[in-house]
Amino acid sequence: MMKILVTGGTGYIGSHTAVELINAGYEVIIIDNLSNSKEFFIDRIEMITGTRPVFVNADLRDMNELNEFFKNTNGIDAVIHFAAFKAVGESVKDPLLYYDNNICGMTNLLKAMTANKIDKIVYSSSCTVYGEANKLPVDENSPIKKAESPYGFTKQVGEQMLFDIAASKEMKSVILRYFNPTGAHDSSLIGELPIGVPNNLVPYITQTAVGQRDMLTVNGNDYDTPDGTNIRDYIHVVDLAKAHVTALSRILSGKTEQDAEVFNLGTGNGNSVMEVINAFEKVTGIKLNYRIGPRREGDVISIYSDTEKANKVLGWEAKRDLADMMLTSWNWQKAISNSTNNN
Ligand code: NAD
Ligand code: WQD
(Lines give C-alpha, C1' and ligand atoms only; values in the text may rest on other atoms or scores of the structure.)
(Ligands and ions follow the chains in the order given, each with its own letter.)
Protein backbone atom coordinates (compact mmCIF):
# COMPACT_ATOMS: atom_id res chain seq x y z
CA MET A 1 0.00 0.00 0.00
CA MET A 2 1.42 3.40 -0.99
CA LYS A 3 1.89 5.77 1.95
CA ILE A 4 0.85 9.38 1.39
CA LEU A 5 1.57 12.30 3.70
CA VAL A 6 -1.25 14.86 3.61
CA THR A 7 -0.33 18.19 5.21
CA GLY A 8 -3.38 20.18 6.29
CA GLY A 9 -5.40 16.97 6.10
CA THR A 10 -7.95 17.93 8.77
CA GLY A 11 -8.83 21.06 6.76
CA TYR A 12 -11.59 21.51 4.23
CA ILE A 13 -10.03 20.21 1.01
CA GLY A 14 -7.52 17.99 2.83
CA SER A 15 -10.18 16.01 4.70
CA HIS A 16 -12.17 15.35 1.52
CA THR A 17 -8.97 14.30 -0.22
CA ALA A 18 -8.03 11.99 2.65
CA VAL A 19 -11.39 10.24 2.18
CA GLU A 20 -10.84 9.78 -1.56
CA LEU A 21 -7.27 8.58 -1.02
CA ILE A 22 -8.35 5.96 1.51
CA ASN A 23 -11.19 4.88 -0.79
CA ALA A 24 -8.63 4.51 -3.58
CA GLY A 25 -6.48 2.22 -1.43
CA TYR A 26 -3.76 4.57 -0.16
CA GLU A 27 -2.46 4.70 3.39
CA VAL A 28 -2.92 8.26 4.64
CA ILE A 29 -0.85 10.07 7.25
CA ILE A 30 -2.03 13.54 8.21
CA ILE A 31 0.04 16.37 9.65
CA ASP A 32 -1.97 19.35 10.84
CA ASN A 33 -1.49 21.88 13.63
CA LEU A 34 -5.28 22.41 13.92
CA SER A 35 -4.82 26.17 13.42
CA ASN A 36 -7.89 26.22 11.15
CA SER A 37 -9.54 22.85 11.75
CA LYS A 38 -10.58 20.41 14.46
CA GLU A 39 -9.28 16.99 15.39
CA PHE A 40 -12.79 15.47 15.16
CA PHE A 41 -12.35 15.48 11.37
CA ILE A 42 -10.12 12.43 11.87
CA ASP A 43 -13.10 10.63 13.50
CA ARG A 44 -15.28 11.73 10.61
CA ILE A 45 -12.84 10.46 7.99
CA GLU A 46 -12.87 7.14 9.82
CA MET A 47 -16.70 7.13 9.97
CA ILE A 48 -16.88 7.63 6.20
CA THR A 49 -14.14 5.26 5.10
CA GLY A 50 -13.92 2.71 7.92
CA THR A 51 -10.18 3.47 8.17
CA ARG A 52 -8.60 5.86 10.63
CA PRO A 53 -5.74 7.85 9.14
CA VAL A 54 -2.66 8.37 11.28
CA PHE A 55 -2.80 11.90 12.69
CA VAL A 56 0.21 13.88 13.87
CA ASN A 57 -0.33 17.30 15.41
CA ALA A 58 2.69 19.19 14.12
CA ASP A 59 3.43 22.65 12.77
CA LEU A 60 5.32 22.93 9.49
CA ARG A 61 6.95 26.08 10.80
CA ASP A 62 8.77 23.99 13.42
CA MET A 63 11.69 22.19 11.77
CA ASN A 64 12.32 20.15 14.93
CA GLU A 65 8.77 18.80 14.88
CA LEU A 66 9.14 17.96 11.20
CA ASN A 67 12.48 16.21 11.69
CA GLU A 68 10.99 14.24 14.57
CA PHE A 69 8.04 13.25 12.37
CA PHE A 70 10.22 12.03 9.50
CA LYS A 71 12.56 10.23 11.93
CA ASN A 72 9.56 8.24 13.20
CA THR A 73 7.80 7.70 9.86
CA ASN A 74 9.42 5.67 7.11
CA GLY A 75 8.35 4.85 3.61
CA ILE A 76 6.36 7.91 2.55
CA ASP A 77 5.88 7.68 -1.23
CA ALA A 78 4.55 11.19 -1.88
CA VAL A 79 3.19 14.31 -0.21
CA ILE A 80 0.02 16.30 -0.88
CA HIS A 81 0.60 19.74 0.58
CA PHE A 82 -2.51 21.65 1.68
CA ALA A 83 -1.31 23.24 4.92
CA ALA A 84 -1.45 27.03 4.60
CA PHE A 85 -3.40 30.05 5.75
CA LYS A 86 -5.91 31.22 3.12
CA ALA A 87 -7.73 34.36 4.27
CA VAL A 88 -7.00 37.11 1.75
CA GLY A 89 -8.04 40.02 4.03
CA GLU A 90 -6.07 38.71 7.00
CA SER A 91 -2.99 38.39 4.78
CA VAL A 92 -3.24 42.08 3.89
CA LYS A 93 -3.39 43.00 7.59
CA ASP A 94 -0.61 40.62 8.65
CA PRO A 95 1.61 39.73 5.67
CA LEU A 96 4.43 38.31 7.80
CA LEU A 97 2.08 35.75 9.32
CA TYR A 98 1.38 34.53 5.78
CA TYR A 99 4.99 34.62 4.61
CA ASP A 100 6.00 32.71 7.72
CA ASN A 101 3.27 30.08 7.61
CA ASN A 102 2.87 29.53 3.88
CA ILE A 103 6.40 30.15 2.60
CA CYS A 104 8.59 29.14 5.57
CA GLY A 105 6.24 26.21 6.32
CA MET A 106 6.56 24.97 2.76
CA THR A 107 10.33 25.54 2.69
CA ASN A 108 10.67 23.41 5.82
CA LEU A 109 8.52 20.70 4.29
CA LEU A 110 10.58 20.65 1.07
CA LYS A 111 13.83 20.57 3.06
CA ALA A 112 12.58 17.65 5.14
CA MET A 113 11.34 15.84 2.02
CA THR A 114 14.69 16.30 0.28
CA ALA A 115 16.61 15.13 3.36
CA ASN A 116 14.41 12.02 3.48
CA LYS A 117 14.58 11.39 -0.29
CA ILE A 118 10.86 11.93 -0.87
CA ASP A 119 10.70 13.47 -4.32
CA LYS A 120 7.03 13.72 -5.28
CA ILE A 121 4.61 16.44 -4.23
CA VAL A 122 1.13 17.61 -5.21
CA TYR A 123 0.64 21.29 -4.35
CA SER A 124 -2.48 23.38 -3.68
CA SER A 125 -2.30 26.50 -5.76
CA SER A 126 -5.07 28.85 -6.76
CA CYS A 127 -6.60 30.64 -9.73
CA THR A 128 -5.72 33.77 -7.76
CA VAL A 129 -2.29 33.56 -9.46
CA TYR A 130 -3.92 34.72 -12.74
CA GLY A 131 -5.40 37.93 -11.26
CA GLU A 132 -7.71 39.56 -13.83
CA ALA A 133 -6.96 37.30 -16.79
CA ASN A 134 -6.43 38.73 -20.28
CA LYS A 135 -8.66 36.11 -21.87
CA LEU A 136 -11.43 33.80 -20.66
CA PRO A 137 -11.65 30.93 -20.08
CA VAL A 138 -8.20 31.10 -18.52
CA ASP A 139 -5.70 28.38 -19.44
CA GLU A 140 -2.50 27.29 -17.73
CA ASN A 141 -0.33 29.40 -20.05
CA SER A 142 -1.98 32.64 -19.00
CA PRO A 143 0.54 34.99 -17.45
CA ILE A 144 0.92 35.09 -13.69
CA LYS A 145 -0.08 38.59 -12.61
CA LYS A 146 1.31 40.69 -9.79
CA ALA A 147 -0.36 39.26 -6.70
CA GLU A 148 -3.36 41.19 -5.34
CA SER A 149 -2.60 40.12 -1.76
CA PRO A 150 0.19 38.65 0.37
CA TYR A 151 -1.83 35.40 0.38
CA GLY A 152 -1.83 35.30 -3.42
CA PHE A 153 1.89 36.04 -3.40
CA THR A 154 2.55 33.04 -1.12
CA LYS A 155 0.77 30.76 -3.64
CA GLN A 156 2.97 32.15 -6.44
CA VAL A 157 6.13 31.67 -4.36
CA GLY A 158 5.08 28.09 -3.58
CA GLU A 159 4.74 27.39 -7.31
CA GLN A 160 8.06 29.06 -8.08
CA MET A 161 9.83 27.00 -5.43
CA LEU A 162 8.55 23.85 -7.11
CA PHE A 163 9.60 25.05 -10.60
CA ASP A 164 13.08 25.84 -9.25
CA ILE A 165 13.46 22.52 -7.47
CA ALA A 166 12.17 20.69 -10.54
CA ALA A 167 14.88 22.41 -12.60
CA SER A 168 17.47 21.03 -10.20
CA LYS A 169 15.86 17.58 -10.74
CA GLU A 170 15.41 17.02 -7.03
CA MET A 171 11.63 16.87 -7.01
CA LYS A 172 8.68 16.15 -9.27
CA SER A 173 5.51 18.10 -8.65
CA VAL A 174 1.97 18.52 -9.81
CA ILE A 175 0.67 22.02 -9.17
CA LEU A 176 -3.12 22.24 -8.97
CA ARG A 177 -4.71 25.66 -9.43
CA TYR A 178 -8.13 25.46 -7.81
CA PHE A 179 -10.91 27.78 -8.85
CA ASN A 180 -13.63 28.25 -6.17
CA PRO A 181 -14.04 25.10 -4.07
CA THR A 182 -17.42 24.65 -2.42
CA GLY A 183 -19.88 21.92 -1.42
CA ALA A 184 -19.36 19.14 1.11
CA HIS A 185 -19.25 15.37 1.37
CA ASP A 186 -22.62 13.64 0.74
CA SER A 187 -22.51 12.17 4.27
CA SER A 188 -22.54 15.73 5.75
CA LEU A 189 -19.84 14.47 8.12
CA ILE A 190 -17.12 16.72 6.69
CA GLY A 191 -17.26 20.12 5.05
CA GLU A 192 -15.89 23.63 5.32
CA LEU A 193 -15.59 24.97 8.86
CA PRO A 194 -14.95 28.70 8.68
CA ILE A 195 -13.63 30.12 11.92
CA GLY A 196 -15.18 33.54 12.59
CA VAL A 197 -16.97 35.53 9.91
CA PRO A 198 -16.61 33.76 6.54
CA ASN A 199 -14.89 35.61 3.71
CA ASN A 200 -16.18 33.27 1.03
CA LEU A 201 -19.57 33.50 -0.61
CA VAL A 202 -21.06 30.06 -0.04
CA PRO A 203 -20.38 29.72 3.72
CA TYR A 204 -21.75 33.25 4.11
CA ILE A 205 -24.91 32.19 2.28
CA THR A 206 -25.41 29.03 4.36
CA GLN A 207 -24.68 30.81 7.66
CA THR A 208 -27.23 33.48 6.73
CA ALA A 209 -29.82 30.87 5.79
CA VAL A 210 -29.32 29.03 9.07
CA GLY A 211 -29.73 32.27 11.03
CA GLN A 212 -26.13 32.68 12.19
CA ARG A 213 -25.74 35.90 10.12
CA ASP A 214 -28.46 38.49 9.55
CA MET A 215 -27.90 39.21 5.91
CA LEU A 216 -25.60 38.51 2.99
CA THR A 217 -24.16 41.52 1.21
CA VAL A 218 -23.62 41.10 -2.52
CA ASN A 219 -20.34 42.87 -3.23
CA GLY A 220 -21.45 45.08 -6.09
CA ASN A 221 -23.86 44.61 -9.01
CA ASP A 222 -22.44 47.22 -11.35
CA TYR A 223 -19.71 45.13 -12.97
CA ASP A 224 -19.51 44.57 -16.71
CA THR A 225 -21.17 41.12 -16.55
CA PRO A 226 -24.67 40.03 -17.67
CA ASP A 227 -26.28 40.64 -14.25
CA GLY A 228 -23.62 43.02 -12.91
CA THR A 229 -22.19 40.63 -10.28
CA ASN A 230 -18.81 38.88 -10.32
CA ILE A 231 -18.36 35.59 -12.13
CA ARG A 232 -16.45 32.63 -10.69
CA ASP A 233 -15.94 28.95 -11.45
CA TYR A 234 -17.37 27.09 -8.43
CA ILE A 235 -16.17 23.51 -8.12
CA HIS A 236 -17.44 20.75 -5.86
CA VAL A 237 -14.87 19.80 -3.22
CA VAL A 238 -15.41 16.07 -3.86
CA ASP A 239 -14.57 16.56 -7.55
CA LEU A 240 -11.51 18.51 -6.43
CA ALA A 241 -10.51 15.77 -3.97
CA LYS A 242 -10.77 13.16 -6.73
CA ALA A 243 -8.48 15.26 -8.94
CA HIS A 244 -5.79 14.92 -6.24
CA VAL A 245 -6.04 11.13 -6.40
CA THR A 246 -5.68 11.30 -10.20
CA ALA A 247 -2.72 13.69 -9.95
CA LEU A 248 -1.08 11.50 -7.34
CA SER A 249 -1.41 8.37 -9.41
CA ARG A 250 0.04 10.25 -12.40
CA ILE A 251 3.12 11.35 -10.46
CA LEU A 252 3.58 7.99 -8.69
CA SER A 253 3.42 6.06 -11.95
CA GLY A 254 6.01 8.34 -13.58
CA LYS A 255 3.59 9.61 -16.22
CA THR A 256 4.29 13.31 -15.71
CA GLU A 257 5.62 14.95 -18.86
CA GLN A 258 7.48 17.74 -17.06
CA ASP A 259 9.13 17.81 -13.64
CA ALA A 260 6.61 20.44 -12.54
CA GLU A 261 3.21 20.14 -14.20
CA VAL A 262 0.39 22.63 -13.77
CA PHE A 263 -3.35 21.95 -14.05
CA ASN A 264 -6.38 24.17 -13.61
CA LEU A 265 -9.11 22.54 -11.56
CA GLY A 266 -12.47 24.05 -12.36
CA THR A 267 -15.69 23.11 -14.10
CA GLY A 268 -15.25 25.53 -16.98
CA ASN A 269 -18.58 27.21 -16.09
CA GLY A 270 -18.73 30.78 -14.91
CA ASN A 271 -21.53 31.62 -12.47
CA SER A 272 -22.37 35.05 -11.11
CA VAL A 273 -22.98 35.81 -7.44
CA MET A 274 -26.69 36.20 -8.23
CA GLU A 275 -26.76 32.83 -10.00
CA VAL A 276 -25.24 31.21 -6.93
CA ILE A 277 -27.85 32.82 -4.68
CA ASN A 278 -30.63 31.75 -7.05
CA ALA A 279 -29.32 28.17 -7.19
CA PHE A 280 -29.20 28.07 -3.39
CA GLU A 281 -32.76 29.36 -3.08
CA LYS A 282 -33.99 26.89 -5.68
CA VAL A 283 -32.49 23.72 -4.17
CA THR A 284 -33.30 24.62 -0.55
CA GLY A 285 -36.62 26.44 -1.01
CA ILE A 286 -35.27 29.14 1.33
CA LYS A 287 -35.61 32.84 0.56
CA LEU A 288 -32.19 34.25 1.35
CA ASN A 289 -31.91 37.60 3.10
CA TYR A 290 -29.48 39.67 1.06
CA ARG A 291 -28.80 43.22 -0.05
CA ILE A 292 -26.67 44.75 -2.76
CA GLY A 293 -23.62 46.47 -1.30
CA PRO A 294 -20.55 48.21 -2.68
CA ARG A 295 -17.78 46.48 -4.60
CA ARG A 296 -15.18 44.61 -2.52
CA GLU A 297 -11.65 45.89 -3.02
CA GLY A 298 -9.41 43.59 -5.04
CA ASP A 299 -12.17 41.43 -6.60
CA VAL A 300 -11.52 40.30 -10.15
CA ILE A 301 -14.56 40.81 -12.35
CA SER A 302 -14.80 37.39 -13.99
CA ILE A 303 -12.74 34.23 -14.01
CA TYR A 304 -13.42 30.67 -15.07
CA SER A 305 -11.27 27.80 -16.12
CA ASP A 306 -10.22 26.36 -19.44
CA THR A 307 -10.50 22.69 -18.50
CA GLU A 308 -8.96 21.14 -21.61
CA LYS A 309 -5.56 20.30 -20.10
CA ALA A 310 -7.07 18.77 -16.94
CA ASN A 311 -9.54 16.78 -19.06
CA LYS A 312 -7.13 15.56 -21.74
CA VAL A 313 -3.75 15.32 -20.04
CA LEU A 314 -4.66 14.64 -16.42
CA GLY A 315 -7.74 12.64 -17.40
CA TRP A 316 -10.02 14.27 -14.85
CA GLU A 317 -13.29 16.09 -15.23
CA ALA A 318 -15.59 17.82 -12.74
CA LYS A 319 -18.92 16.00 -12.56
CA ARG A 320 -21.03 17.86 -10.04
CA ASP A 321 -23.10 20.95 -10.75
CA LEU A 322 -23.91 24.14 -8.87
CA ALA A 323 -27.21 22.76 -7.50
CA ASP A 324 -25.31 19.82 -6.00
CA MET A 325 -22.73 22.20 -4.50
CA MET A 326 -25.50 24.27 -2.88
CA LEU A 327 -27.39 21.25 -1.57
CA THR A 328 -24.36 19.56 0.00
CA SER A 329 -23.13 22.89 1.47
CA TRP A 330 -26.57 23.42 3.00
CA ASN A 331 -26.81 19.88 4.40
CA TRP A 332 -23.37 20.30 5.95
CA GLN A 333 -24.31 23.69 7.41
CA LYS A 334 -27.39 22.21 9.06
CA ALA A 335 -25.35 19.29 10.39
CA ILE A 336 -22.67 21.46 12.00
CA SER A 337 -25.14 23.95 13.34
CA ASN A 338 -26.83 21.06 15.17
CA SER A 339 -23.58 19.53 16.31
CA THR A 340 -22.05 20.15 19.70
CA ASN A 341 -18.65 19.33 18.26
CA ASN A 342 -18.45 22.68 16.56
CA ASN A 343 -17.18 24.81 19.41
P1 NAD B 1 -8.17 24.93 5.46
O2 NAD B 1 -7.78 26.09 6.29
O3 NAD B 1 -9.49 24.30 5.69
O4 NAD B 1 -7.06 23.78 5.54
C5 NAD B 1 -5.70 24.06 5.75
C6 NAD B 1 -5.24 23.19 6.91
O7 NAD B 1 -3.85 23.41 7.12
C8 NAD B 1 -5.95 23.50 8.21
O9 NAD B 1 -6.44 22.30 8.77
C10 NAD B 1 -4.85 24.12 9.09
O11 NAD B 1 -5.05 23.81 10.46
C12 NAD B 1 -3.61 23.50 8.50
N13 NAD B 1 -2.39 24.30 8.68
C14 NAD B 1 -2.22 25.61 8.38
N15 NAD B 1 -0.97 25.98 8.65
C16 NAD B 1 -0.31 24.89 9.13
C17 NAD B 1 1.00 24.65 9.58
N18 NAD B 1 1.93 25.61 9.63
N19 NAD B 1 1.32 23.40 9.99
C20 NAD B 1 0.39 22.41 9.98
N21 NAD B 1 -0.86 22.59 9.56
C22 NAD B 1 -1.22 23.82 9.14
O23 NAD B 1 -8.03 25.39 3.93
P24 NAD B 1 -8.50 24.66 2.60
O25 NAD B 1 -9.61 25.45 2.03
O26 NAD B 1 -8.66 23.23 2.81
O27 NAD B 1 -7.23 24.96 1.69
C28 NAD B 1 -6.22 24.00 1.49
C29 NAD B 1 -5.18 24.55 0.54
O30 NAD B 1 -5.81 24.89 -0.69
C31 NAD B 1 -4.47 25.81 1.01
O32 NAD B 1 -3.11 25.69 0.64
C33 NAD B 1 -5.13 26.92 0.24
O34 NAD B 1 -4.25 27.99 0.01
C35 NAD B 1 -5.46 26.21 -1.06
N36 NAD B 1 -6.59 26.80 -1.78
C37 NAD B 1 -7.80 26.91 -1.15
C38 NAD B 1 -8.87 27.48 -1.82
C39 NAD B 1 -10.20 27.67 -1.16
O40 NAD B 1 -10.96 28.52 -1.59
N41 NAD B 1 -10.53 26.92 -0.12
C42 NAD B 1 -8.71 27.92 -3.15
C43 NAD B 1 -7.47 27.77 -3.76
C44 NAD B 1 -6.40 27.21 -3.06
C1 WQD C 1 -16.81 34.98 -4.63
C2 WQD C 1 -17.69 36.12 -5.11
C3 WQD C 1 -17.29 38.17 -3.95
C4 WQD C 1 -18.77 37.09 -0.05
C5 WQD C 1 -11.23 33.69 -2.82
C6 WQD C 1 -9.77 33.97 -2.80
C7 WQD C 1 -9.06 33.11 -3.78
C8 WQD C 1 -9.42 31.65 -3.61
C9 WQD C 1 -10.87 31.42 -3.52
C10 WQD C 1 -7.78 30.60 -2.24
C11 WQD C 1 -16.94 37.45 -5.24
C12 WQD C 1 -18.70 37.69 -3.72
C13 WQD C 1 -18.39 37.04 -1.38
C14 WQD C 1 -19.90 37.87 0.32
C15 WQD C 1 -20.21 38.46 -1.97
N16 WQD C 1 -8.91 31.13 -2.39
N17 WQD C 1 -19.11 37.72 -2.32
N18 WQD C 1 -20.58 38.52 -0.66
O19 WQD C 1 -12.92 36.11 -4.02
O20 WQD C 1 -13.33 34.44 -5.86
O21 WQD C 1 -11.71 33.94 -4.13
O22 WQD C 1 -11.45 32.30 -2.55
O23 WQD C 1 -6.86 30.53 -3.00
O24 WQD C 1 -7.70 33.34 -3.59
O25 WQD C 1 -9.57 35.34 -3.11
O26 WQD C 1 -14.11 33.91 -3.56
O27 WQD C 1 -16.02 33.25 -2.17
O28 WQD C 1 -14.65 35.27 -1.48
O29 WQD C 1 -16.10 35.42 -3.48
O30 WQD C 1 -20.85 39.09 -2.82
O31 WQD C 1 -20.25 37.98 1.49
O32 WQD C 1 -18.69 36.33 -4.12
O33 WQD C 1 -17.25 39.57 -4.04
O34 WQD C 1 -17.48 38.13 -6.31
P35 WQD C 1 -13.03 34.72 -4.44
P36 WQD C 1 -15.22 34.44 -2.56
Assess, by modelled atom type and distance only, whether the side chains of [X] and [Y] contain a donor and an acceptor separated by less than 3.5 Å.
X      : Y      : value
Asn67  : Lys111 : no
Thr256 : Glu261 : no
Thr229 : Asn221 : no
Asn180 : Tyr304 : no
Gln212 : Thr208 : no
Glu90  : Tyr98  : yes
Asn64  : Glu68  : no
Asn101 : Arg61  : yes

Any Asn33 side-chain heavy atom under 4.5 Å of Asn57 side chain: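 Of all side-chain heavy-atom pairs linking Asn57 with Asn33, at least one is under 4.5 Å.
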Ion pair Asp299/Arg232, N-O distance below 4.0 Å: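 Yes, Asp299 and Arg232 are salt-bridged.
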NZ/NE/NH1/NH2 to OD/OE distance under 4.0 Å, Arg320 and Asp186: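 Answer for the salt bridge query: yes.
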Checking [X] side chain against [Y] main chain: does a donor-acceptor pair fall under 3.5 Å?
X      : Y      : value
Glu20  : Lys242 : no
Glu317 : Thr267 : no
Thr154 : Ile103 : no
Thr73  : Phe70  : no
Glu192 : Ala184 : no

Neighbour count above 12 (heavy atom, 6.0 Å) for [X] [atom1]:
X      : atom1 : result
Asp224 : CG    : no
Asn72  : CG    : yes
Lys135 : NZ    : yes

Aromatic ring proximity, centroids under 6.0 angstrom, Tyr178 and His244: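 His244 vs Tyr178: aromatic centres under 6.0 Å.
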NZ or CZ of Arg295 within 45° of Tyr223 ring axis and under 6.0 Å: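 Yes.
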Closest approach of His236 to Gly183 (non-hydrogen atoms, all atoms of both residues): NE2-CA, 4.2 Å
Given Thr10, Val237, Leu193, Ile45, the one that forms side-chain contact (heavy atoms from CB on, under 4.5 Å) with Ser15: Ile45
Salt bridge (charged side-chain N to carboxylate O under 4.0 Å, His left out) assessment of Lys287 paired with Glu281: CA-CA 6 Å; Lys287 180 83 199 73; Glu281 290 186 330; 3.2 Å; yes
